[in-house]
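In this chain, residues are counted from 1 in sequence order. Start at 1 and go down the list; that is how both ligands and their atoms are numbered.
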Amino acid sequence: MITFENLTVSYRQHPALHHINARLLHGSLTAVVGPNGSGKSTLLKSIMGLQPASGGRISVAALRERIAYLPQLTEIDRGFPITVHDCVLLGCWPVQGAWGGVGTVALARVTSALHAVGLGGFGQRPIGSLSSGQLQRMLFARLLVQDADLILLDEPFNAMDSKTTSALLALVKQWHQQQRTVVAVLHDDAQVRAHFPQTLLLARELVAHGPTAQVMTETNLGRARTMAEAWDEAAEVCEMDQTQALQAAF
Ligand code: ADP
Ligand code: MG
């Protein structure tokens, strides 16, 4: 479903991802883990096409409108004046298009998605009035109506109470059973071991990728930590990027 070939992604020549090679199979359920600043969010953004590659390439075997993306909660504007119902309805947008109109089928999907996440009756509430747990449930309802083949989740359970976490984990499992490809950035090692068959461990470079038990070893996790401690923001400039920048300049 996703192939990274020597992928490098940089912000002002500082690589957040460096020479990544990996293949994520169709229907796989993968946790992306690694220290803070190890490029996890950048990886999801590059899959979405939101962050261009500065070297190598990434190919995704899904149409853009069949990919769903849940950003980190901190990146979501909660002040936007929209109701829960309308925000979930926006999930139908990629398929429906601007002039498709809102059919009864779409409206029924919104109602059933809100029920599925335990937010039946919340439809007319402004999103600004929701707790963070409720907001995350609403965003999962939106993913439900989106009916995507590839679902990207950035720290979906961060700061969630345990009830919300288990409800949302159940949806992730359901997507996996439906053969959808799911990639989730996670922090909780126990959760990864318990629920995610595949893991990709990042420390800007790829430390390990494969079955979770083989990736989440003390050796690999220790290596990722050591690599993170060695990062020097001021010194690190990717030579390949420099060459490309020079080539672009002439
Ligand atoms: P993670 O999600 O693993 O914490 P990120 O992908 O958010 O890591 O960030 C990886 C690195 O890229 C960090 O050093 C971060 O500071 C840097 N970075 C992320 N986004 C930007 C940006 N928009 N501009 C400049 N640097 C960024
Ligand atoms: Mg992040």
Side-chain angles (χ1 to χ4, degrees), residues 2 4-22 24 29-58 60 67-78 132 135-136 139-140 143 150-160 165 168-169 172 182-193 195-196 198-209 212 215-216 220-242 244-245 248:
I2 307 169
F4 304 102
E5 284 172 88
N6 207 17
L7 176 75
T8 294
V9 179
S10 303
Y11 298 102
R12 291 182 299 270
Q13 292 188 40
H14 295 284
L17 292 171
H18 211 193
H19 305 304
I20 305 289
N21 286 291
L24 274 65
L29 172 55
T30 307
V32 177
V33 300
N36 279 336
S38 61
K40 304 181 297 294
S41 295
T42 302
L43 189 82
L44 294 197
K45 285 176 186 167
S46 63
I47 297 171
M48 268 310 274
L50 296 173
Q51 201 63 50
S54 51
R57 49 185 257 126
I58 174 169
V60 181
I67 309 176
Y69 168 56
L70 180 75
Q72 259 175 276
L73 211 44
T74 47
E75 295 187 21
I76 291 164
D77 179 8
R78 296 173 66 165
S132 28
L135 185 75
Q136 198 70 329
L139 293 169
F140 266 70
L143 295 174
L150 172 59
I151 300 165
L152 310 170
L153 309 168
D154 202 345
E155 301 195 20
F157 313 125
N158 223 20
M160 294 297 130
T165 302
L168 300 183
L169 259 173
V172 170
V182 182
V183 184
V185 173
L186 296 169
H187 271 298
D188 182 335
D189 288 359
Q191 203 173 61
V192 172
R193 291 182 214 274
H195 305 287
F196 288 76
Q198 300 282 313
T199 297
L200 192 152
L201 173 57
L202 276 180
R204 300 201 180 164
E205 290 164 43
L206 183 66
V207 179
H209 175 219
T212 296
V215 170
M216 300 281 279
N220 283 340
L221 295 171
R223 240 186 94 210
R225 274 193 300 271
T226 311
M227 285 160 83
E229 281 157 14
W231 288 332
D232 180 345
E233 299 287 343
E236 195 181 9
V237 170
C238 179
E239 283 170 28
M240 187 176 65
D241 297 345
Q242 271 185 322
Q244 288 189 346

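Contact of the I20 side chain with the L202 side chain is registered, since non-hydrogen atoms from C-beta on lie closer than 4.5 Å. Inter-residue side-chain proximity for L153 and V172 is flagged as met; some heavy-atom pair is nearer than 4.5 Å. The shortest distance between side-chain heavy atoms of P156 and T165 does not fall below 4.5 Å.
Protein N/O/S atoms closer to the Mg ion (ligand 2) than 2.8 Å number 2 in this structure.
With a 4.0 Å cut-off on non-hydrogen atoms, K45 does not touch ligand 1 at all.
Judged by distance alone, with hydrogens and angles left aside, the side-chain atoms of S46 form no donor-acceptor pair with the main-chain N or O of Q51 at under 3.5 Å. Side chain of K40 to main chain of G34: a donor-acceptor pair is present (N/O by atom type, distance under 3.5 Å, no hydrogens or angles).
Here's the thing with N36: none of its N/O atoms is less than 3.5 angstrom from an N/O atom of ligand 1. Residue S41 has at least one N or O atom closer than 3.5 Å to an N or O atom of ligand 1.
Close approach of ligand 1 to R12 (heavy-atom distance below 4.0 Å) involves ligand atoms 25 (C). With ligand atoms numbered from 1 in the order given, ligand 1 contributes 10 (C), 11 (C), 12 (O) to contacts under 4.0 Å with heavy atoms of A16. With ligand atoms numbered from 1 in the order given, ligand 1 contributes 1 (P), 3 (O), 8 (O) to contacts under 4.0 Å with heavy atoms of S38.
In this view, T42 and Y11 satisfy the side-chain hydrogen bond (donor to acceptor under 3.5 Å, both in side chains) rule, not counting sequence neighbours. Residues that satisfy the side-chain hydrogen bond (donor to acceptor under 3.5 Å, both in side chains) test with Q191, not counting sequence neighbours, are absent from this structure. Taking R193 as the reference, nothing meets the salt bridge (charged side-chain N to carboxylate O under 4.0 Å, His left out) condition, with sequence neighbours excluded.
Between the CG atom in L17 and the OG1 atom in T8 there is a gap of 8.0 Å [rounded to 0.5 Å].
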